[in-house]
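Some notes on the structure that comes next.
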Amino acid sequence: MSNDALKKAVAERAVNDYVKDGMVVGLGTGSTAYHAINRIGELVNKEGYKLTCVATSVRSEEQAKSLGITVVDVNDVESIDVTIDGADEVDPDMQLIKGLGGALIREKIVAAASQSEVIIVDETKAVDMLGTKCALPVEVLKFGYQKTKYALEAQGCKATLRMNGDEPFVTDNGNYIYDCKFESIKNPFFLESRINVIPGTVDNGLFLNTASTVLISHSDGTIEKRGL
Ligand code: 5RP
């Protein structure tokens, strides 16, 4: 099975198992969430589901709207029944790194407003300790961003400004992202508390105690479930 086939399989399983008619659904961002949004489109268009959706990025909103899915602002719903989103790393305690797709702030706000957060990943995202495979994305204000970099690196990482060609990558919120590579993140709760007090930092890609379920797609065709 190709990596994309693994993503599609886990995304479809999540939608089939967790999305019910009449729900308010949070739409994640990324190449795995992309398949979930397509499946949600099928539920709406072929199976007559009435769903109200909240998107975590402009990209996901555009995809959903192109499929005829109703998308509303997060402020216009009281709460979200379930959000289905991807992740970049998942540890054995279901702690996550997210944000390589650049949507971490909106993803975190939508996750916090959700009754349940279903994380969908292929097996390459499962790690024993966070930070061992990928960098931790940190969204920062443009103002003073080089000063913010020094403060981030004082936490023990190498911070690289994310680029889009020759220009810095700009998030949907108009900010920059530093990808902060640590050797590993032994205490994610402590690190999060240190990063979020750095002036200029908007938020970081540690999603701690956020996932209610993690579904992991394996190359032997099985889907492992952790959590609820
Ligand atoms: C976007 C994210 C994505 O969920 C994460 O990067 C995983 O993406 P993909 O499914 O493409 O591997 O956090 O901000």
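All values derive from a computational prediction rather than experimental measurement. Note that ligands are numbered from 1 as they come in the structure, with each ligand's atoms numbered from 1 the same way.
In this structure, K147 places its NZ atom where only 12 or fewer heavy-atom neighbours from other residues, nucleotides or ligands lie under 6.0 Å away.
Side-chain contacts under 4.5 Å among hydrophobic residues (ILVMFWY), followed directly or transitively, place Y34 with no other residue at all.
Looking at D4 and S2, their side chains never bring a donor and an acceptor atom within 3.5 Å of each other. Side chains of E123 and S217: no donor on one and acceptor on the other come within 3.5 Å.
Using a 4.0 Å heavy-atom criterion, the residues that approach ligand 1 are K7, T29, G30, S31, T32, D85, G86, A87, D88, K98, G99, L100, G101, G102, A103, L104, E107, K125.
Residues satisfying the ring-ring contact (aromatic ring centres under 6.0 Å, His included) test with Y49, not counting sequence neighbours, are none. By the ring-ring contact (aromatic ring centres under 6.0 Å, His included) test, F189 is found to be paired with no residue, residues two or more places apart in sequence or in another chain being considered.
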